[in-house]
Amino acid sequence: QVQLVESGGDLVQAGGSLKLSCAASGTFSSINDMAWYRQAPGKPRELVAVITSGGSTKYADSVKGRFTISRDNAKNSVYLQMNSLKSEDTAVYYCYAQIRLYAFITYSPPYWGQGTQVTVSS
């Protein structure tokens, strides 16, 4: 059974920093794209940042220059370093990964973490 477990959410003041972590556990062959999404109250879930297995990254315009996504393939983990936090960054942050279960099957279904709350006070 594959699971994604996030950690690192907290209450922080505007201008502060926070680092989120997410680790995949269970039995699988490999992990393709990993990403962070977020969902604020009353708003749809949105993509924050994505990183490929090769390390290429993309960011939402709203977080460019402030957030950095990284991954450690040896630890099956993805991270989100968040700097210069703003009140509008307040949301539940979800880890996402496309996990290839078997080497002989190319399809990599998506998995989601349970979410971690980030609250930025102004």
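In what follows, residues are counted from 1 in the order of the sequence shown. FYI, side chains are in, hydrogens and waters are out, and symmetry mates aren't considered; it's all heavy atoms of this structure.
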Gap separating the CD atom of E46 from the OG atom of S62, nearest 0.5 angstrom
5.5 Å
Rounding to 0.5 Å, atoms OG (S56) and CD1 (I51) come to a distance of 8.0 Å
Disulfide bond (SG atoms under 2.5 Å apart) contacts in which one or both residues fall within residues 51-89, not counting sequence neighbours:
none
Summary of disulfide bond (SG atoms under 2.5 Å apart) pairs that have at least one residue in residues 22-92, sequence neighbours excluded:
C22-C95
Salt bridge (Lys or Arg N to Asp or Glu O under 4.0 Å) filter on D89, not counting sequence neighbours, yields R38, R66
Taking only residues two or more places apart in sequence or in another chain, which ones pass side chain to side chain contact (heavy atoms under 4.5 Å, CB included) with A24?
L4, F28, I31, N76, I99
Without swapping roles, check the side chain of Q98 against the backbone of P110 for a donor-acceptor pair under 3.5 Å.
no
Going by side chain to side chain contact (heavy atoms under 4.5 Å, CB included), name the residues that satisfy it together with Q81, two or more places apart in sequence or in a different chain.
S17, K19, T68, N83
Could you work out, with ring-ring contact (aromatic ring centres under 6.0 Å, His included) as the rule, every residue matching Y111, not counting sequence neighbours?
none
Any residue meeting side chain to side chain contact (heavy atoms under 4.5 Å, CB included) with Q117, in chain and number order, not counting sequence neighbours:
T90, V92, T119
For residues 20-32, the side chain to side chain donor-acceptor pair (under 3.5 Å) pairs (sequence neighbours left out) are N32-S108
State yes or no: do V50 and F67 share one hydrophobic cluster built from I, L, V, M, F, W and Y residues joined by side-chain heavy-atom distances below 4.5 Å, directly or via other members?
no
Within this structure, what is the CD1-OH distance for the pair I69 and Y59, rounded to the nearest 0.5 Å?
6.5 Å
Cluster question for you: counting only ILVMFWY and a side-chain heavy-atom cut-off of under 4.5 Å, with indirect links fine, are V63 and Y94 together?
no
Which pairs with one or both residues in residues 67-78 pass salt bridge (Lys or Arg N to Asp or Glu O under 4.0 Å), sequence neighbours excluded?
none
Does W112 reach the side chain of R45, with side-chain heavy atoms less than 4.5 Å apart?
yes
So CE of M34 and OG of S77: to nearest 0.5 Å the spacing works out to 6.5 Å
With heavy-atom distances below 4.5 Å as the criterion, would you say the side chains of V120 and Q13 are in contact?
no
Are Y96 and Y37 near enough that their ring centres are under 6.0 Å apart?
yes
Can you sort out the partners of Y107 under ring-ring contact (aromatic ring centres under 6.0 Å, His included), two or more places apart, ordered by chain and number?
none
A49 versus L80, closest heavy-atom pair with distance
CB-CD1, 4.4 Å
Taking ring-ring contact (aromatic ring centres under 6.0 Å, His included) as the test, write out the residues that go with Y79, two or more places apart.
none
Results of side-chain hydrogen bond (donor to acceptor under 3.5 Å, both in side chains) for K43 - residues two or more places apart only:
none
